[in-house]
Protein chains: 2
Amino acid sequence: MPAGKTNEVAPARAVEMSPLNRTVGFLLKRAQIAISRDIHEIFAEFDVTAVQFSVLTVTANNPGIAQHELATALQVERPRMVPVLDKLVSRGLVVRRQDERDGRSRRIHLTEAGEELLAELHRRFALLEQRMVEVLGEEERDRLLTSLELLADRPR
Amino acid sequence: MPAGKTNEVAPARAVEMSPLNRTVGFLLKRAQIAISRDIHEIFAEFDVTAVQFSVLTVTANNPGIAQHELATALQVERPRMVPVLDKLVSRGLVVRRQDERDGRSRRIHLTEAGEELLAELHRRFALLEQRMVEVLGEEERDRLLTSLELLADRPR
DNA sequence: TATTGTTATACTCTATAACTATA
DNA sequence: TATAGTTATAGAGTATAACAATA
């Protein structure tokens, strides 16, 4: 076995990938894997996942948002929000408050600790976005975002 | 309950998403989810997943490729290749052949049935890529692919 | 000692169905 | 009857560790 780990990935040999190489489906996946790893890394020391970061951010900008609204906005299924929020609540980063008018609904708010952590997370996240600009250039990054929006929002 | 399903997603209200909206991390994820759904749809009637399609394609262009080479090329962990290939073997789309020189290695080849199915899958996949061109335009799609390559392959 | 394919395990994510309490 | 949050469950995917056969 080499250096540290078991099951380490062997150095890639010349594998012909051409039919997949320049396709949206394949490259989008590869780029997304790479960025996901970056995000995992920059948030690892805070024990925060990408979804948790999104929840904190959207909650900060939409105080009192309902769980199902979070789920819709972040494109996760509603049952998935439960354990995600449970974790954030248990860490004292957000609170669930019963809606006064609608007994079914519980509204999410950041705590002060949540605000403070989120500020730090946003600093890290901004640095990551800055790295993207360094790789792509300002203009190309902007075109990329516009293309991605078109792909994500196109009528289905 | 509305039309068909339980847990159907409620129509989105005005949720302020601005800090995430125009970021590479968030939009890449959203676009990738959308394309994944497309791929799932176009291959559903053949009961083929995106990874299986990639395996068939890479195998077609690299006959006799080893499992660990497939894993490396497709960026999946080697243990993951086992059930993926098991499924393809059980459907008679690929075969595992013992390497004559190296008793550890098993080399993957497409069967005739595999070749035929793959031809049909590629027709569907090409139509999907064509839809991307219709959404983005030829030039913008090309710029997108180049940007995605930069993000995926940038030194880490 | 190292590598290939494999088994095993644990954790995450996705997707659905269904329950409860409210409306 | 419909909705919000929740629980439960099944199926993928991710990530590691470790084993048997082979090098």
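All chains are named by letter (A, B, ...) in the order of the sequence lines, taking the proteins before the strands, and each is independently numbered beginning at 1.
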Picking from C:dA8, C:dA15, C:dT16, the nucleotide nearest the side-chain atoms of B:P79 would be C:dA8
Would you mind reading off the distance between [X] atom [atom1] and [N] atom [atom2], rounded to a whole angstrom?
{"X": "A:H40", "N": "D:dA15", "atom1": "NE2", "atom2": "C1'", "answer": "10 Å"}
{"X": "B:R80", "N": "C:dA10", "atom1": "CZ", "atom2": "P", "answer": "19 Å"}
{"X": "B:E77", "N": "C:dT12", "atom1": "CD", "atom2": "C1'", "answer": "15 Å"}
{"X": "B:Q67", "N": "C:dT7", "atom1": "CD", "atom2": "C1'", "answer": "13 Å"}
{"X": "B:L74", "N": "D:dG13", "atom1": "CG", "atom2": "P", "answer": "13 Å"}
{"X": "B:K87", "N": "D:dG13", "atom1": "NZ", "atom2": "P", "answer": "10 Å"}
{"X": "B:D47", "N": "D:dG11", "atom1": "CG", "atom2": "P", "answer": "13 Å"}
{"X": "B:D86", "N": "C:dA8", "atom1": "CG", "atom2": "P", "answer": "13 Å"}

Is any side-chain nitrogen or oxygen of [X] closer than 4.0 Å to OP1 or OP2 of [N]?
{"X": "A:R104", "N": "C:dT20", "value": "no"}
{"X": "A:R106", "N": "D:dT6", "value": "yes"}
{"X": "B:R96", "N": "C:dT6", "value": "yes"}
{"X": "A:R78", "N": "D:dT6", "value": "no"}
{"X": "A:H68", "N": "D:dG5", "value": "yes"}
{"X": "B:S105", "N": "C:dT3", "value": "no"}

Is a salt bridge present between A:R101 and A:D99, judged by a nitrogen-to-oxygen distance below 4.0 Å? no
Assign each of A:P83 and B:V51 the nucleotide of DNA chain D bearing its closest heavy atom; nearer the 5' end lies the nucleotide of A:P83
Comparing A:D102 and B:R101 on DNA chain D - which has the more 5′ nearest nucleotide: A:D102
What do you reckon, is CD of A:Q98 surrounded by more than 12 foreign heavy atoms closer than 6.0 Å? yes
Between B:T23 and B:P19, is there a donor-acceptor pair closer than 3.5 Å when you use the side chain of the first and the backbone of the second? no
May I ask you to test the B:E69-B:R107 pair for a side-chain heavy-atom distance under 4.5 Å? yes
In terms of relative ring orientation, are A:F53 and A:F43 parallel, tilted or perpendicular, with 30° and 60° separating the classes? tilted
Closest to the 5' end of DNA chain C, once B:K29 and A:G103 are matched to their nearest nucleotides, is B:K29
